[in-house]
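One structure is given here, and the rest of the page talks about it.
Start at 1 with the first residue, then count along the sequence.
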Amino acid sequence: MTADTQPSPGFFKRYGLVFAVAALGIICLMPQLADLSIAGQRMIGIMAFAVITWATGAVSFPVSAGVIMALIAVLVGLSPQPDGQGLIGTSKALRMALTGFSSPAFCLVGAALFLAAAMMQTGLDRRIALVTLSKIGTSPSRVVLGIILCGFILSFFVPSTTARVACLVPIVTGMVRAFGLPLKSAFGAMLLITVAQVDSVWNVGIKTAAAQNMVAVGFIQELTGHDISWLDWFVAAAPFAALMSVVLYVVVTRLFKGSLEDISGGDDAVRRELAKLGPMSAAEWKLTVVSLVLLFMWVTEKKLHPFDTTT
């Protein structure tokens, strides 16, 4: 599109920054709230500023991140200490803002996201999904079971629901087309619902399946001093995720029972997609080894066994 044909920004996008600055100013200039420090009140204002800029899209995310960091350094830094002894200081305020990025949870999530990106670039995630579907079978009910199993397997290595869905959706849509059905058919809806839900289900069961789990573990460790190992989390949460997977299978197969007729073409579609991938490349083999090593390190994080308190 040329500059002349590009649509003009909407009202909220155009004036979102004005609303954000106004909200920040109103909250910061309000009388001090009871049981809340001035620094805390200003942080509420910064939070309102951030939410409005993100919601309206007034500025890009990278720019808003820089502005938020600057606001924290200035507004919090120039706030009085809780004990009234001088100001907090801009350097201390900036360290407060950056503390979260130095936590072990953040580092683990960042490393796992690099792993997820590598799997998507090499096609290893796609190969795992296709091989799983080829082993389970491609009758409609087995495809649902295969998708659930794919979501479970990928949850060990890909710490992002969005990334796992991005891997599975093209495979599922290709299979629906191979069956000669439109994407808006009941069968297509059943598979896409399964893809979305199974990835959310296993966010619960596996500690490294979602970034928010690691952030929560970091908060728990900071507040209680107790760390939750990968295996502790798995033993406690995986049974619930497994039960929800069973419920998901029963619900979608019963809900779309009329679409679970024998449909041919699925086996051929999976074989064609696997043939396009060809044999595993050296990069995929190396990434497989790295993934297994990382998984072993996550599982044996601090305790070799979840009930072993001596290690």
Nearest non-hydrogen partners of [X] and [Y], listed with the distance:
| X | Y | value |
| --- | --- | --- |
| L87 | G77 | CB-O, 3.8 Å |
| S155 | W202 | OG-CB, 3.2 Å |
| L17 | A58 | N-CB, 3.4 Å |
| A196 | V165 | CA-CG2, 4.4 Å |
| G16 | I52 | O-CG2, 3.6 Å |
| A73 | L94 | CB-CD1, 4.2 Å |

Are [X] and [Y] in one and the same hydrophobic cluster, where Ile, Leu, Val, Met, Phe, Trp and Tyr link if side-chain heavy atoms are under 4.5 Å apart?
| X | Y | answer |
| --- | --- | --- |
| I38 | L71 | no |
| M30 | L78 | no |
| V74 | I44 | no |
| V21 | F61 | yes |
| V131 | M280 | yes |

side-chain contact (heavy atoms from CB on, under 4.5 Å) partner of V144, the single match among L149, V198, L248, L191 |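 With V144 as partner, side-chain contact (heavy atoms from CB on, under 4.5 Å) holds for just one option, L191.
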Partner of I148 by side-chain contact (heavy atoms from CB on, under 4.5 Å), out of T194, I153, V143 |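 The side-chain contact (heavy atoms from CB on, under 4.5 Å) with I148 is passed solely by T194 among T194, I153, V143.
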Minimum side-chain heavy-atom gap [X]-[Y] below 4.5 Å:
| X | Y | value |
| --- | --- | --- |
| M190 | I147 | no |
| V67 | F49 | yes |
| W54 | S64 | yes |
| L168 | C150 | yes |
| F19 | T53 | no |

Give a yes or no answer on whether the side chain of [X] reaches the backbone of [Y] with a donor-acceptor pair at less than 3.5 Å.
| X | Y | value |
| --- | --- | --- |
| N213 | V204 | no |
| Q32 | L36 | yes |
| R42 | L75 | yes |

Going from [atom1] on [X] to [atom2] on [Y], what distance comes out if it is rounded to the nearest 0.5 angstrom?
| X | Y | atom1 | atom2 | result |
| --- | --- | --- | --- | --- |
| L145 | Y249 | CG | OH | 6.0 Å |
| D232 | K207 | CG | NZ | 8.0 Å |
| R127 | T288 | CZ | OG1 | 9.0 Å |
| L192 | F187 | CG | CZ | 10.0 Å |
| D199 | L154 | CG | CG | 7.5 Å |
| L24 | C28 | CG | SG | 4.5 Å |

Please assess V217 against W233 for the test side chain to side chain contact (heavy atoms under 4.5 Å, CB included), listing each intermediate value before the final yes or no.
-> CA-CA 10 Å; V217 168; W233 183 295; 3.6 Å; yes
Mind telling me whether W230 and F234 have parallel, tilted or perpendicular rings, with 30° and 60° as the class edges?
->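 Rings of F234 and W230: parallel, under 30°.
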Test log, rule side chain to side chain contact (heavy atoms under 4.5 Å, CB included), inputs M96 and I72 | CA-CA 9 Å; M96 290 167 55; I72 292 174; 5.8 Å; no
Just wondering, more than 12 heavy atoms not from Q81 lying within 6.0 Å of its CD?
->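 Atom CD in Q81 is crowded, with more than 12 foreign heavy atoms closer than 6.0 Å.
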Between T56 and K13, is a side chain to side chain contact (heavy atoms under 4.5 Å, CB included) present by the stated rule, with each step listed?
-> CA-CA 5 Å; T56 59; K13 185 176 179 64; 5.6 Å; no
Apply the test side chain to side chain contact (heavy atoms under 4.5 Å, CB included) to residues M244 and V246: give CA-CA distance (whole Å), side-chain angles for both, the deciding distance (0.1 Å), then the verdict.
-> CA-CA 5 Å; M244 286 190 288; V246 173; over 6 Å; no
